[in-house]
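For reference, positions follow the sequence shown, starting with 1. Any value given below was found using the heavy atoms of this structure, including those in side chains, with hydrogens, waters and symmetry copies removed.
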Amino acid sequence: MIRPIRCPKCGGELVTVYKTFEVDGHRAENVPVLTCPRCNIFLFDTQLFIDITERAEDFEGKDLLLEELREIKKDEEIRDILKQYTFRNHIKEVLNEKGISLRRLANMLDVSPNYIHILTKNQSTSIRTALKMAYALEVDVNRLYTLRKIDEEYKEPGKTLYTRVSKEEKEQDEKIKEELKKMDVKVYVDNVLKKKGLKRVQLATRLDMSPQEVYNIVKIRKGSTGIETALKMAYALGTDVNELFKLEKAEKEAGE
């Protein structure tokens, strides 16, 4: 059974209609486009408009229009690529490399061992938790989480090792726990967008989200943003996830 294509605005079922377009005398007839009867919006093929505009005779603003259309096309291509990816965690691999048990990591994060066990089953978590795990394990967050193709075969790592913890290690773990309590995530998405000369609406397109959802990530959810979304944002902007989300001393501690 073919699933209907839904409107990105209201969620209603889209239908195909045929329209005629003309740019500076160049006419294209019976072009199939998707439309939403509820919202009365149309979803066009960006490449079609690029082709029509390129073939049209020169007119005022043609170069600017082509530049905008090509930018939109680039955003759509990134969006389509990201739809093929999900996240994979490498928590067990790192724990085994470092000889650290699930229980010990849980103690440093001040959470239950069962919670860490659940995360190793490739369950999603927030960027805040991911960055705190990376801090506790002294690795880059990209070592713990990566993007992978949805259809790529995934083999779960073996059980984590159990090693006896020395008195010095326990003291170090407690120190890390107290440090993490004073830290939280700060979001630098807008800074990166400005540096790249991009707008939030473009990022929304690349992530297949509404502009409101991107606003919520940047201004409301902040550190609670899911790790998969954070990784996809980094890919969409051609940057490192550490440039978008940083674990820093909480504001109330910053002046101390």
Side-chain angles (χ1 to χ4, degrees), residues 71-98 100 105 108-109 116 119-120 122-150 152 154 157 176 179-180 182-209 211 213-251 253-254:
E71 191 65 40
I72 292 171
K73 181 65 176 176
K74 179 181 178 181
D75 295 340
E76 292 174 346
E77 288 172 348
I78 292 174
R79 175 200 64 197
D80 292 339
I81 290 172
L82 284 174
K83 284 181 178 179
Q84 304 173 42
Y85 284 82
T86 185
F87 76 97
R88 170 185 288 175
N89 85 69
H90 305 273
I91 301 171
K92 281 187 177 180
E93 298 167 31
V94 174
L95 289 174
N96 286 338
E97 287 173 7
K98 291 183 169 287
I100 295 176
L105 175 59
M108 287 187 277
L109 297 180
I116 301 298
L119 293 186
T120 64
N122 221 42
Q123 295 297 310
S124 184
T125 190
S126 66
I127 184 64
R128 178 186 291 110
T129 298
L131 287 171
K132 287 190 173 186
M133 276 195 287
Y135 183 93
L137 295 171
E138 298 182 314
V139 297
D140 190 284
V141 69
N142 291 293
R143 180 67 186 87
L144 293 177
Y145 288 93
T146 57
L147 288 177
R148 67 176 178 88
K149 282 204 168 182
I150 292 173
E152 183 181 318
Y154 174 67
I176 291 173
E179 288 174 353
L180 286 174
K182 300 175 183 178
M183 303 177 85
D184 204 355
V185 173
K186 190 165 182 181
V187 181
Y188 289 91
V189 175
D190 281 345
N191 302 61
V192 174
L193 284 171
K194 185 176 180 180
K195 187 187 300 183
K196 299 275 185 179
L198 298 171
K199 299 177 181 178
R200 282 187 196 160
V201 67
Q202 289 178 271
L203 177 58
T205 298
R206 295 179 182 192
L207 296 174
D208 200 22
M209 293 180 176
E213 287 178 293
V214 172
Y215 174 84
N216 291 342
I217 290 172
V218 176
K219 296 297 184 181
I220 299 175
R221 291 207 298 268
K222 298 184 178 181
S224 63
T225 300
I227 182 63
E228 180 172 328
T229 297
L231 290 170
K232 286 186 174 182
M233 288 179 80
Y235 182 98
L237 294 175
T239 190
D240 190 280
V241 70
N242 293 289
E243 295 299 311
L244 301 176
F245 302 91
K246 297 182 182 181
L247 193 63
E248 299 179 354
K249 217 171 205 184
E251 289 184 7
E253 302 287 340

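Atom OG1 in Thr205 sits 7.5 Å away from atom CZ in Arg79 (nearest 0.5 Å). Put simply, CG on Leu95 and OG1 on Thr120 are 8.5 Å apart, with the number rounded to the nearest 0.5 Å. One distance of note links CE of Met108 with NZ of Lys132; it measures 13.5 Å at 0.5 Å rounding. If you take CG on Asn89 and CZ on Arg143, they are separated by 10.5 Å, rounding to the nearest 0.5 Å. Atom CG of Asp75 sits about 9.5 Å away from atom CD of Glu77, to the nearest 0.5 Å. Note that the CG atom of Leu231 and the CZ atom of Arg88 stand 13.0 Å from one another [nearest 0.5 Å].
For the side-chain contact (heavy atoms from CB on, under 4.5 Å) with Ile127, the lone residue among Ile217, Leu244, Val241, Val187 that qualifies is Val241. When each of Asn122, Asn96, Leu105 is paired with Ile91, the side-chain contact (heavy atoms from CB on, under 4.5 Å) condition holds for Leu105 and for no other.
Among pairs with a residue in residues 189-201, those fulfilling side chain to side chain donor-acceptor pair (under 3.5 Å) read Asp190-Arg200, at least two apart in sequence or across chains.
Comment: Glu76 does not engage Lys83 in a salt bridge, judged by the lack of any side-chain N to carboxylate O separation of less than 4.0 angstrom.
Side chains of Leu198 and Leu203 form no contact here, defined as non-hydrogen atoms less than 4.5 Å apart. The closest side-chain heavy-atom distance from Leu207 to Glu213 is not below 4.5 Å. Side-chain contact between Tyr235 and Ile81 is present, with at least one heavy-atom pair separated by less than 4.5 Å. In this structure, Glu243 and Leu237 have side chains that are not in contact, with every pair of non-hydrogen atoms separated by 4.5 Å or more. Between Val139 and Leu144, some side-chain heavy-atom pair lies under the 4.5 Å cut-off. At least one side-chain heavy atom of Met133 sits less than 4.5 Å from a side-chain heavy atom of Leu119. Within the 4.5 Å cutoff, the side chain of Asn242 has heavy atoms near those of the Leu131 side chain.
Listed here is the closest heavy atom pair of Glu248 and Lys186: OE1-CD, 3.4 Å. When all heavy atoms of Tyr135 and Glu179 are compared, the pair lying nearest together is OH-OE1, 2.7 Å. Considering every non-hydrogen atom in both Arg206 and Leu82, the closest pair reads O-CD1, 3.6 Å. The heavy-atom pair separating Ala130 from Ile227 by the smallest distance is CB-CD1, 3.8 Å. Considering all non-hydrogen atoms of both residues, Ser126 and Gly223 come closest at CB-O, 3.5 Å. The two residues Leu109 and Ala136 have their closest heavy-atom pair at CD2-CB, 4.4 Å.
In terms of the side chain to side chain contact (heavy atoms under 4.5 Å, CB included) criterion, residue partners of Thr86 (sequence neighbours excluded) are, by chain and number, Arg148, Ile150, Glu228.
Without hydrogens or angle criteria, Thr146 side chain to Asn142 main chain gives no donor-acceptor distance under 3.5 Å.
A cation-pi contact, defined as under 6.0 Å to the ring centre and within 45° of the axis, links Lys246 to Tyr188.
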